[in-house]
Protein chains: 2
Amino acid sequence: MAGDRTASILQHLKDRGIRITVDRRLVVEAMVRAGDHVTAEELSEMLHLAHPDLHAATVYRTLELLEDTGLAYHVHLGHGPARWHLGDPSHLHLACERCGEVEEVDDNLLETVKSQLLAATGFKIDTHHFALVGRCSRCLAQEQLNQVT
Amino acid sequence: MAGDRTASILQHLKDRGIRITVDRRLVVEAMVRAGDHVTAEELSEMLHLAHPDLHAATVYRTLELLEDTGLAYHVHLGHGPARWHLGDPSHLHLACERCGEVEEVDDNLLETVKSQLLAATGFKIDTHHFALVGRCSRCLAQEQLNQVT
DNA sequence: GTAATTGCAAAGCTTTTGCAATTTA
DNA sequence: TAAATTGCAAAAGCTTTGCAATTAC
């Protein structure tokens with residue numbers, strides 16, 4: 001259940017000697033509730049209803065803290081604010097630059113390309129911090145329709 | 001020579017019924033001089049010495065105009081400001097998120113991956129508007145050194 | 001002369017930061 | 001109580017915009 005997830009994250013923080021505050025608990029709870037790809041602002045808004053005093057700066061600082069301790073990460077999906085996740089980045093993100101949709105696909109889908117590129121250029125793509133940007137299938141189909149019309 | 005390049009770009013604008021102004025000429029000249037991957041702010045600074053009245057907003061507006069008419073494009077290289085180029089995006093950008101270095105590699109280096117991904121997921125990566133972010137060979141080597149130490 | 005363009009100042013959006021007041025352990 | 005955390009307001013970084021004044025055609 002969700003409470004377990006929150007508790008385990010807070011325990012991790014505690015284990016590292018980091019203080020558990022009311023605000024930190026609330027931010028983590030909100031992230032568990034939000035599930036996927038939430039922005040700092042969305043978290044702020046979620047929390048603002050019940051906790052008008054929890055300031056956005058605290059949300060940002062808590063997210064940074066969670067990231068520094070390896071309990072969360074953020075991805076940049078093209079334009080717009082960063083999106084946050086609990087846990088480890090375990091898949092790569094495909095972000096549609098037209099409709100904003102985000103697909104998560106298996107990391108190893110790109111493994112061959114990545115090693116090819118590494119061999120050819122010495123460059124190692126990091127697919128976790130920045131999404132691959134492009135067009136999702138729906139938007140591609142729509143664009144082709146528009147071209148015909 | 002550089003003057004030709006500028007003249008040809010301005011001619012393209014004229015052909016589309018767009019007015020050629022002093023400022024627009026100056027911005028295009030600065031881009032020709034700058035060559036690669038220049039930011040709007042860098043262009044502003046270049047121009048500010050000889051033309052203190054040319055406002056940054058005009059640089060942004062001119063860049064947008066050039067992009068709308070297909071004479072320039074911009075790429076996002078991870079964090080930081082967009083970088084601008086005259087011409088068409090004809091290669092893909094590898095941006096090191098550690099040192100900021102940008103490599104340009106041949107488009108077709110990713111062709112197989114892109115079509116694989118398209119076939120598997122329906123998603124079409126756009127490598128022109130957003131760079132692929134990661135680590136360049138130099139930074140990779142340095143990181144490995146640091147790990148050993 | 002008229003429509004497009006510019007300078008300027010302001011604001012927009014996302015995020016960070018300095019500092020005094022509060023809270024945690 | 002000492003040290004960490006928070007609220008607040010402000011600023012930072014990049015870019016866009018409204019409007020009145022200027023300029024190109």
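By convention in this document, chain letters (A, B, ...) are assigned in the order of the sequence lines, proteins followed by strands, and residues within each chain are numbered from 1.
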Regarding A:His128 and A:Asp107, is there a side-chain donor-to-acceptor distance under 3.5 Å anywhere? yes

Assert: residue with more 5' nearest nucleotide on DNA chain D, out of B:Val22 and A:Thr21, is A:Thr21

Mapping B:Thr62 and A:Ile20 to their closest nucleotides on DNA chain C, which lands nearer the 5' end? B:Thr62

B:Arg19 side chain N/O closer than 4.0 Å to the phosphate oxygens (OP1, OP2) of D:dT23? no

Separation of B:His55 atom NE2 from D:dT17 atom P, in whole Å? 15 Å

With A:His51, which residues qualify under ring pair (Phe, Tyr, Trp, His ring centres under 6.0 Å), at least two apart? none

Measure the distance from CD on B:Glu42 to P on D:dT15 and round it to the nearest whole Å. 11 Å

Are B:Asn146 and B:Gln142 linked by a side-chain donor-acceptor pair shorter than 3.5 Å? no

Non-neighbouring partners of B:Glu42 that pass side-chain contact (heavy atoms from CB on, under 4.5 Å), sequence neighbours left out: B:Val38, B:Thr39, B:Arg83

Please work out if A:Arg61 contacts a base, only the sugar-phosphate, or nothing of the nucleic acid, heavy-atom cut-off 4.0 Å. base

Which ones in residues 64-73 of chain B lie close to DNA chain C, meaning a heavy atom under 4.0 Å from one of its atoms? none

Interatomic distance, B:Ile125 atom CD1 to B:Ser115 atom OG [nearest 0.5 angstrom]: 10.0 Å

Within this structure, what is the NE2-to-P distance between A:His79 and D:dT15, rounded to whole angstrom? 9 Å

Nearest whole Å is fine: how far is D:dA24 C1' from B:Arg25 CZ? 12 Å

Pick base, sugar-phosphate or nothing for B:Ala82, based on heavy-atom distances below 4.0 Å to the nucleic acid. sugar-phosphate

Answer with yes or no after comparing the ring centroid distance for B:His37 and B:His93 against a 6.0 Å cut-off, counting only values under it. yes

Between C1' on D:dT5 and CG on A:Leu13, what's the gap in Å once rounded to a whole number? 13 Å

Just jot down the side-chain contact (heavy atoms from CB on, under 4.5 Å) partners of A:Asn108, sequence neighbours excluded, or say none. A:Asp106, A:Glu111

Outermost contacting nts on DNA chain C, any atom under 4.0 Å from chain B heavy atoms, listed 5' then 3', are C:dA3 to C:dC8

B:His74: which residues meet the ring pair (Phe, Tyr, Trp, His ring centres under 6.0 Å) condition with it, sequence neighbours left out? B:His76, B:Trp84, B:His129

Going by the salt bridge (Lys or Arg N to Asp or Glu O under 4.0 Å) test, name the single residue among A:Glu97, A:Glu103, A:Glu101 that passes it with A:Arg135. A:Glu97

